[in-house]
Amino acid sequence: MAQSIGGGEAELPEDVLARIRRARRVSVLTGAGISAESGIPTFRGAGGIWDKYDFRKLATPEGFREDPVLAWEWYRLRQREIWKARPNPAHETIAEMEMHFERFDVITQNIDGMHARAGSRNVIELHGNIWRARCVRDGTVIELDAPVEDIPPLCQCGSLLRPDVVWFGEQLPERALEIASEAASASDAMLVVGTSAVVHPAASLPLLTKKNGGLVVEMNLEETDLTPYADLSIFGPAGEVMPALWRRAAFPERFMTEHPIIANR
Ligand code: BV8
């Protein structure tokens with residue numbers, strides 16, 4: 001049965017912390033919400049991108065075919081936002097956690113590259129990366145080291161380049177989805193951070209962990225489609241909740257000395 005609590009360190013249930021502490025294999029599934037405190041807008045929820053823009057024009061192959069300039073103007077705008085942004089304590093905590101477990105997989109729906117910039121090494125990008133572009137004619141992939149200037153950017157062969165991301169109606173990269181599904185199925189615990197859990201097949205990954213007896217802990221500002229299935233939902237900003245959870249799980253003695261009364265409840 002799902003348990004929901006606020007983000008305060010003292011409220012974190014000891015049984016959940018113990019299961020994370022004992023875990024040999026942990027995966028993290030992240031969505032746009034983990035980058036919100038880095039100043040990168042989310043898609044849904046308060047002030048979300050899809051409130052202002054039509055996803056059919058900007059995040060579908062049909063929309064790109066119809067108006068590649070409009071789509072690239074939006075991606076260039078996002079590149080400029082991401083260019084200025086920095087990883088926040090949620091990204092940094094996840095990078096630190098990686099060293100503490102036998103196997104630790106970061107599975108992200110985000111295309112902003114923030115996990116790698118925070119130091120995470122094992123990152124599975126389900127929806128591509130905004131710093132890559134792909135030739136529409138032959139699929140050649142170009143690494144971008146800054147926001148595009150000219151729109152639409154062209155490949156050296158003269159054909160159009162498109163963002164190397166996964167749009168609605170497009171298949172996810174097969175290998176990435178395979179690795180992510182295996183990781184979710186084999187994890188003793190999955191932490192799900194900042195996703196509305198409405199976009200599939202990413203949203204179904206935590207259910208694979210659950211099905212195989214793994215623990216699912218959700219961190220979000222509000223309830224999502226995943227909340228009824230999570231063992232624990234912690235409501236609060238990821239930049240605060242993620243470090244608090246890891247402090248309690250990894251360094252319980254520090255919490256005991258700082259909070260002897262609560263610790264002996
Ligand atoms: C596919 C491009 C085969 C990259 C994006 C099964 C059931 C239903 C539908 C489908 C299904 N299978 C396939 C579909 C169709 C579709 C889909 O899922 N539609 C949904 C919307 C109904 N899926 C696909 O098309 C996928 N392809 O499956 O191919 C197929 C195709 C057709 C039909 C059948 C099979 C491709 C999906 C990828 C789409 N690409 N974007 C880009 O430009 O970024 S989608 C977009 O949504 C982003 O990729 C984003 O990552 C993704 C998910 O969103 P979230 O990351 O969760 O972000 P969101 O804003 O929604 O939520 C943020 C959350 O954070 C909120 O809950 C908020 O409360 C919280 N938050 C905010 N601030 C904070 C916070 N939390 C903590 N701290 C904070 N500070």
Side-chain angles (χ1 to χ4, degrees), residues 4 6-7 28-64 70-79 81-82 85 87-91 93-94 106-115 124-134 162-174 176-177 180-181 191-207 217-227 230 233-245:
S4 304
V28 182
L29 172 68
T30 64
I34 197 170
S35 297
E37 290 154 88
S38 297
I40 301 171
T42 60
F43 294 89
R44 302 164 189 88
I49 290 171
W50 298 145
D51 289 347
K52 295 191 276 289
Y53 296 98
D54 178 356
F55 79 90
R56 281 173 293 267
K57 291 195 168 73
L58 302 174
T60 65
E62 298 76 20
F64 183 77
L70 178 69
W72 265 114
E73 279 169 352
W74 182 56
Y75 275 94
R76 180 174 61 181
L77 178 74
R78 289 174 71 195
Q79 284 180 336
E81 282 167 345
I82 293 164
N88 66 57
H91 298 107
T93 301
I94 289 169
V106 181
I107 305 163
T108 189
Q109 301 171 84
N110 299 338
I111 64 172
D112 59 24
M114 284 290 150
H115 286 299
I124 303 155
E125 294 180 321
L126 295 178
H127 295 162
N129 189 300
I130 202 163
W131 297 116
R132 290 195 307 267
R134 194 167 81 227
R162 59 161 281 176
D164 190 25
V165 300
V166 180
W167 284 326
F168 286 107
E170 294 186 319
Q171 296 288 352
L172 275 60
E174 200 174 329
L177 185 55
S181 304
L191 310 179
V192 183
V193 192
T195 181
S196 58
V198 298
V199 173
H200 290 267
S204 52
L205 292 171
L207 304 183
V217 177
E218 174 186 39
M219 283 161 259
N220 200 302
L221 292 182
E222 57 196 357
E223 291 199 6
T224 71
D225 288 1
L226 177 65
T227 305
S233 291
I234 309 170
F235 298 123
E240 292 166 25
V241 170
M242 190 72 236
L245 178 78

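Read the numbers this way: they start at 1 and go in the same order the structure lists the ligands and their atoms. Position 1 is the first residue of the sequence; numbering continues from there.
- For ligand 1, none of its N or O atoms has an N or O atom of M219 under 3.5 Å away.
- For atom 53 (C) of ligand 1, the closest non-hydrogen atom of the protein is Q109 OE1, 3.3 Å.
- Only the side chain of E37 comes within 4.0 Å of ligand 1, counting heavy atoms alone; its backbone N, CA, C and O stay farther away.
- Using a 4.0 Å cut-off between heavy atoms, F55 makes no contact with ligand 1 at all.
- Looking only at heavy atoms of the protein, atom 79 (C) of ligand 1 is closest to G33 O, 3.4 Å.
- A71 approaches L58 most closely through the heavy-atom pair CA-CD2, 4.0 Å.
- Counting all heavy atoms, side chain and backbone alike, L126 lies closest to A202 at CD1-CB, 3.7 Å.
- Although no hydrogens or angles enter the test, the distance criterion places no donor-acceptor pair under 3.5 Å between the side chain of E240 and the main chain of P237.
- For atom 33 (C) of ligand 1, the nearest protein heavy atom lies 4.0 Å away or farther.
- Atom 62 (O) of ligand 1 has its nearest heavy-atom neighbour, among G236, G239, S196, in S196.
- If you check which protein heavy atom lies closest to atom 56 (O) of ligand 1, you get A32 N, 2.8 Å.
- Residue, atom and distance of the protein heavy atom nearest to atom 70 (C) of ligand 1 are N220 OD1, 3.3 Å.
- Heavy atoms of P201 approach ligand 1 to within less than 4.0 angstrom.
- Distance remark: protein heavy atom not present below 4.0 angstrom from atom 30 (C) of ligand 1.
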Working for side-chain hydrogen bond (donor to acceptor under 3.5 Å, both in side chains), residues S233 and E223: CA-CA 8 Å; S233 291; E223 291 199 6; over 6 Å; no
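- Residue contacts with ligand 1 for I111 involve side-chain atoms from C-beta outward but no N, CA, C or O (heavy atoms, distance under 4.0 Å).
- In terms of protein heavy-atom proximity, atom 64 (C) of ligand 1 is closest to G194 O, 3.5 Å.
- Note that atom 15 (C) of ligand 1 has no protein non-hydrogen atoms nearby, at separations under 4.0 angstrom.
- For atom 19 (N) of ligand 1, the nearest protein heavy atom (residue, atom name, distance) is F168 CE2, 4.0 Å.
- Only the backbone of E170 comes within contact range of ligand 1, with a heavy atom under 4.0 Å; no side-chain atom does.
- Using a distance-only test at 3.5 Å, with no hydrogens or angles considered, a donor-acceptor pair links the side chain of E37 to the main chain of G239.
- With V199, I234, D225 as candidates, the residue nearest to atom 37 (C) of ligand 1 on a non-hydrogen basis is V199.
- In this structure, atom 6 (C) of ligand 1 lies nearest to the protein heavy atom H200 CB, 3.5 Å.
- Classification of the F168-F55 ring pair by plane angle, with boundaries at 30° and 60°, yields perpendicular.
- If you check which protein heavy atom lies closest to atom 44 (O) of ligand 1, you get R78 NH2, 3.1 Å.
- The presence of a protein heavy atom under 4.0 Å from atom 48 (C) of ligand 1 is confirmed.
- The main-chain N or O of D164 is never found under 3.5 Å from a side-chain atom of N129 such that the two would form a donor-acceptor pair.
- No part of I34 comes within 4.0 Å of ligand 1, judged by heavy-atom distances.
- T108 places a side-chain N or O within 3.5 Å of a backbone atom of N110 that can act as its donor or acceptor partner.
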